[in-house]
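The next block holds one structure in the form of structure tokens; read it before the comments.
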Amino acid sequence: MGNLIKVLGKDLENCPHFFLDFENAQPTEAETVVWNQVNSVLEEAQGILAELQSYRGAGQEIRQAIQNPSDVHLQEEAWRAVCPLVAKLKRFYEFSLRLENALHSLLEALTSPPYAPTQHLEREQALAKQFAEILHFTLSFDELKMTNPAIQNDFSYYRRTVSRNRLNNFQVDSDCDVNNEMANRMSLFYADATPMLKTLSNATTKFVSENKSLPIEDTTDCLSTMACVCRVMLETPGYRSRFTSTETLLFCMRVMVGVIILYDHVHPVGAFAKTSKIDMKGCIKVLKDQPSTSTEGLLNALRYTTRHLHDDTTSKQIRALLQ
């Protein structure tokens, strides 16, 4: 099966395990159309992360403007500082829409008849890798966003200034090109603690609701299988040693957490119930066995962005593991 190796042992019933070569999988002819479409989006992902990582905000200029409301020069300085930042935030938001479309294409390819989801992951490893890359980007983006309050502060100041200028019939030159409808959508996006993850969760739920002829299990089995893949690769030294880069370990952890959260949002009873096809205890243990600097953000994602953690069907053991 090329780069795909079935994992033996440590089996959960109804939970197939695979070793997916996230580092080297290449598209087959059958995958090429979807792969090219998704790749055109993923090519921009690292640039988006780099821009977000270097985002410093206009906090100083904004504070000066607020403290000196009658100083026209300081108001102009703050506006000039904020406008290019808002344009950048708009690019991030527009990229989330493209990412949503890419996820839809991948889900369609990885769940379509006549193959079962596990067969798709086995046959179409390059698409599975792209799915993993989207999840990796999503959690990376959201971790950076959560630790940067300047994003919401800058955008809030921008909106207040626009509203004030509109009330005063005062026109200002702006390179932001953000109309009111776009500003409302961006506000909702950035108000969420994990905006990219919410985008993917909503997109997955929408995919399920729009494809009523497709059993919901086809989508959730695709996610649970990916979670199993990542967990086994992380907890088995023989498989970890196959990675050529330590970055792949973090990649696997992010993907595992991402598919768990998506599963929890899409599956009617979620990822934490006893009937779940995801070994939640095993997944949490794998994360806790890693250095806390690498995993605390991922554990927080499980704590705060899942839907069913606090349901009655969640065992006290699992809740205690996430305390």
Side-chain angles (χ1 to χ4, degrees), residues 1-8 14-46 95-138 199-233 239 242-245 248 251-252 254-256 258-260 262-263 266-267 277-278:
M1 291 295 178
N3 293 323
L4 183 71
I5 301 170
K6 288 194 175 181
V7 176
L8 303 176
N14 298 324
C15 187
H17 295 214
F18 301 102
F19 183 89
L20 289 174
D21 190 349
F22 286 140
E23 294 178 331
N24 301 304
Q26 296 297 318
T28 62
E29 187 176 348
E31 297 171 85
T32 301
V33 173
V34 174
W35 189 91
N36 285 336
Q37 177 192 341
V38 176
N39 189 57
S40 68
V41 178
L42 287 173
E43 283 179 335
E44 296 181 38
Q46 287 307 310
F95 183 77
S96 78
L97 302 181
R98 296 185 63 206
L99 202 69
E100 181 179 348
N101 290 333
L103 178 68
H104 188 281
S105 296
L106 286 174
L107 287 174
E108 201 166 48
L110 293 171
T111 59
S112 60
Y115 300 113
T118 51
Q119 291 174 305
H120 276 295
L121 291 176
E122 184 171 359
R123 294 167 58 92
E124 295 146 24
Q125 292 181 62
L127 298 185
K129 180 186 175 187
Q130 286 185 320
F131 185 25
E133 287 170 342
I134 286 177
L135 292 164
H136 180 264
F137 164 83
T138 296
T199 296
L200 294 199
S201 296
N202 289 345
T204 307
T205 303
K206 183 180 177 182
F207 174 81
V208 170
S209 65
E210 287 179 350
N211 291 272
K212 298 188 184 302
S213 62
L214 188 71
I216 188 173
E217 289 80 10
D218 283 13
T219 303
T220 54
D221 284 357
C222 178
L223 303 178
S224 61
T225 301
M226 187 77 83
C228 287
V229 168
C230 294
R231 176 178 61 79
V232 172
M233 287 196 291
Y239 297 124
R242 294 172 186 261
F243 302 144
T244 61
S245 169
T248 310
F251 181 90
C252 283
R254 288 183 188 280
V255 173
M256 182 179 72
V259 290
I260 287 170
L262 287 182
Y263 183 100
V266 174
H267 197 282
K277 292 187 178 181
I278 297 177

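The structure presented is a predicted model; accordingly, all values stated were derived computationally and were not measured. Numbering of residues begins at 1 and proceeds along the displayed sequence.
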Inset, instruction - Mark yes or no for whether Ser209, through its side chain, and Lys206, through its backbone, hold a donor-acceptor pair below 3.5 Å. - result: yes

- Between the main-chain N or O of Ala109 and the side-chain N or O of His120, is there a donor-acceptor pair closer than 3.5 Å? yes

message = Taking CD in Gln46 as the centre, count heavy atoms belonging to other residues, nucleotides or ligands within less than 6.0 Å. Is the count above 12?
response = no

For Glu23 and Lys129 the tightest heavy-atom approach is O-NZ, 3.6 Å

**Prompt:** Can you find a heavy atom in the side chain of Leu42 that is under 4.5 Å from one in the side chain of Phe137?
**Reply:** no

In this structure, CG of Asn24 is separated from CD of Gln125 (nearest 0.5 Å) by 10.5 Å

Walk me through whether Leu262 and Leu135 qualify under side-chain contact (heavy atoms from CB on, under 4.5 Å). CA-CA 10 Å; Leu262 287 182; Leu135 292 164; 3.7 Å; yes

Are any of the side-chain heavy atoms of Glu44 and Arg98 separated by less than 4.5 Å? yes

Between Ser224 and Tyr263 the two heavy atoms that sit nearest each other are CB-CE1, 3.8 Å

| query | Heavy-atom count around Phe243 CZ within 6.0 Å, excluding the residue itself: above 12? | reply | yes

Closest non-hydrogen contact found for Phe131 with Met226 is CD2-CE, 3.7 Å

Interatomic distance, OG@Ser201 vs CD@Glu100, rounded to 0.5 Å, equals 11.0 Å

dist Leu20:CG -> Met233:CE (nearest 0.5 Å) comes out at 5.5 Å

Minimal heavy-atom distance between Cys222 and Leu121, with the atoms involved, is O-CD1, 3.8 Å

Nearest heavy-atom approach of Ile134 to Ala102 is CD1-CB, 4.1 Å

Item checked: Heavy-atom check, side chain of Val41 versus side chain of Phe95, under 4.5 Å -> yes

For Ala116 and Gln119 the tightest heavy-atom approach is N-OE1, 2.8 Å

ask   = Taking the side chain as C-beta and beyond, is there a heavy-atom pair between Phe22 and Cys230 under 4.5 Å?
value = yes

To the nearest 0.5 Å, atom CZ of Arg231 lies from atom CE of Met256 at 8.5 Å

Exactly one candidate in Asn202, Leu214, Leu103 meets side chain to side chain contact (heavy atoms under 4.5 Å, CB included) with Phe207; the answer is Leu214

Thr28 and Glu31: side-chain donor and acceptor closer than 3.5 Å?
-> yes

Value for NZ (Lys277) from CD (Glu217), rounded to nearest 0.5 Å, stands at 7.0 Å

The reported gap from CG in Leu99 to CD in Glu133 (rounded to nearest 0.5 angstrom) is 11.0 Å

Looking at Gln130 and Trp35, would you say the former's side chain and the latter's main chain have a donor-acceptor pair under 3.5 Å? yes

